[in-house]
A.B. asks: 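Questions regarding the structure given below will be posed in turn.
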Amino acid sequence: MNAIALHARPSDGFESKVAHAAAVLASAAAEHVTRIVQATSLGAEDMVLTDLIARAQLPIAIGTLDTGMLHAETLALLARIESHYGLQVQVMRPAQEAVLHFVTRNGERAMFESIDLRKACCAMRKLEPLGRLLEDKTAWVTGLRREQSDHRAEVPFSEREANGRLKLNPLADWTWGDVWHYIAVNNVPYNALHDQFYPSIGCAPCTRAIALGEDFRAGRWWWEDEAAKECGLHVQQVEGVAA
Ligand code: SF4
């Protein structure tokens with residue numbers, strides 16, 4: 001059974017949620033002309049956002065982080081986005097010298113040795129390239145949803161970060177069933193790993209499939225305590241709201 005058959009169940013108000021997400025994106029695109037980017041993880045939520053952006057032909061750039069540790073199935077989506085939508089994805093990579101230094105010093109499996117080393121790896125492979133992706137942007141778009149984890153239960157539709165940049169989470173109120181219903185009815189390309197019980201997909205060494213009944217993000221950094229389980233992309237302090 002594929003992910004669509006398993007999950008596609010719209011919640012009450014699905015059509016209004018789609019209209020609201022589209023309106024959030026359109027308004028932000030108009031306000032932040034040429035200075036707005038969707039930072040896509042290439043996961044299901046982000047594919048929905050890319051579809052909404054492409055469908056309305058919004059001038060929102062699409063960017064992603066290739067950490068050098070992604071699954072082949074994830075990387076394959078880059079070409080599919082290009083062929084399906086005619087959109088070019090800007091791919092940001094970590095500084096090769098920093099990666100070489102880190103791996104030489106700490107080994108290929110450093111992330112399993114301590115939370116500090118895991119966070120250092122995320123900082124080098126994700127946070128630093130994200131900083132470059134966002135450096136000339138006044139707004140960015142993410143696929144965060146409140147339902148994804150307890151940490152994300154209060155995610156607002158938009159929040160002003162301490163650095164003044166606007167962070168938009170147009171799918172904040174969507175359920176997992178909404179995401180898959182949208183993908184099904186709009187024929188949105190998605191990561192083949194979602195059909196293999198990977199709801200949340202990150203780097204290959206740090207992501208596993210989940211079992212029936214496990215939490216949405218149970219397959220991410222599964223060897224760590226719940227409290228440590230964010231890579232840092234979404235933990236900055238924002239004005240009035242902790243992301
Ligand atoms: S998710 Fe794992 S491999 Fe990817 S950057 Fe973080 S620690 Fe490194």
Side-chain angles (χ1 to χ4, degrees), residues 37-47 49 62-78 81 89-135 140-145 148-152 155 161 167 169 176 190-194 196-211 214-237 242-243:
V37 64
Q38 180 203 356
T40 174
S41 68
L42 304 169
E45 291 90 343
D46 281 309
M47 292 310 300
L49 288 167
I62 315 286
T64 197
L65 311 177
D66 176 2
T67 61
M69 303 293 251
L70 299 178
H71 300 86
E73 291 89 338
T74 305
L75 291 170
L77 268 177
L78 295 172
I81 290 172
V89 180
Q90 184 182 0
V91 180
M92 305 302 290
R93 297 187 171 86
Q96 282 314 298
E97 234 174 74
V99 170
L100 199 63
H101 180 72
F102 182 86
V103 171
T104 305
R105 191 183 168 122
N106 302 301
E108 295 276 358
R109 296 178 56 80
M111 66 288 280
F112 299 114
E113 285 173 22
S114 71
I115 289 179
D116 283 349
L117 280 175
R118 196 275 288 168
K119 288 190 170 173
C121 185
C122 284
M124 170 187 68
R125 293 181 186 274
K126 295 182 171 181
L127 295 184
E128 188 278 328
L130 178 70
R132 276 185 277 122
L133 178 69
L134 300 182
E135 67 190 355
W140 61 307
V141 180
T142 88
L144 293 186
R145 291 184 302 110
Q148 286 166 338
S149 70
D150 289 347
H151 295 295
R152 298 181 179 182
V155 164
E161 295 178 317
K167 180 175 179 181
N169 312 304
W176 191 224
Y190 67 86
N191 192 322
L193 289 172
H194 287 307
Q196 297 167 42
F197 302 101
Y198 284 74
S200 175
I201 304 167
C203 294
C206 302
T207 309
R208 64 159 171 78
I210 64 167
E214 278 193 304
D215 282 349
F216 181 85
R217 281 173 66 83
R220 304 291 300 279
W221 306 295
W222 65 92
W223 64 95
E224 292 184 355
D225 284 348
E226 277 305 309
K229 282 177 135 191
E230 288 282 355
C231 61
L233 296 187
H234 299 296
V235 293
Q236 306 98 311
Q237 289 298 310

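Count residues from 1 along the sequence. When a ligand or atom number is given, it counts from 1 through the structure's own listing order.
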A.B. asks: Taking non-hydrogen atoms only, is Arg118 closer than 4.0 angstrom to ligand 1 via side chain, backbone, both or neither?
C.D. replies: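 Both of them.
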A.B. asks: Can Arg132 and Glu128 be counted as an ion pair, charged N to O under 4.0 angstrom?
C.D. replies: yes
A.B. asks: Strictly under 2.8 Å, is any N, O or S atom of Cys203 next to atom 4 (Fe) of ligand 1?
C.D. replies: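 Checking atom 4 (Fe) of ligand 1 against Cys203, an N, O or S atom does fall under 2.8 Å.
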A.B. asks: Provide the number and element of each atom of ligand 1 under 4.0 Å from a heavy atom of Cys122.
C.D. replies: 1 (S), 5 (S), 6 (Fe), 7 (S)
A.B. asks: Parallel, tilted or perpendicular: which describes the rings of Tyr198 and His71, with under 30° parallel and over 60° perpendicular?
C.D. replies: perpendicular
A.B. asks: So, Cys206 and atom 2 (Fe) of ligand 1: N/O/S under 2.8 Å, yes or no?
C.D. replies: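 Checking Cys206: at least one N, O or S atom is under 2.8 Å.
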A.B. asks: Determine the sole option in Val37, Asp46, Val89 for which the side-chain contact (heavy atoms from CB on, under 4.5 Å) test with Thr64 is passed.
C.D. replies: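 That would be Val89.
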A.B. asks: Output the list of atoms in ligand 1 that are nearer than 4.0 Å to some heavy atom of Arg125, sorted by atom number.
C.D. replies: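 Reading through ligand 1 atom by atom, the close ones are 5 (S), 8 (Fe).
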A.B. asks: Could you tell me, atom by atom, which parts of ligand 1 come under 4.0 Å of a heavy atom of Met111?
C.D. replies: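 Those of ligand 1 that fall under 4.0 Å from Met111 are 3 (S), 7 (S).
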A.B. asks: What do we get for Lys126 next to ligand 1 when only non-hydrogen atoms under 4.0 Å count, side chain, backbone, both or neither?
C.D. replies: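 Side chain only; the backbone of Lys126 stays clear of ligand 1.
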A.B. asks: Tell me yes or no: between the side chains of Trp140 and Glu161, is some donor less than 3.5 Å from an acceptor?
C.D. replies: yes
A.B. asks: Does the pair Gln148 and Val155 meet the rule for a side chain to side chain contact (heavy atoms under 4.5 Å, CB included), with working shown?
C.D. replies: CA-CA 10 Å; Gln148 286 166 338; Val155 164; over 6 Å; no
A.B. asks: Is it the case that the side chains of Arg217 and Ser149 hold a donor-acceptor pair, with the cut-off being a distance below 3.5 Å and no angle test?
C.D. replies: no
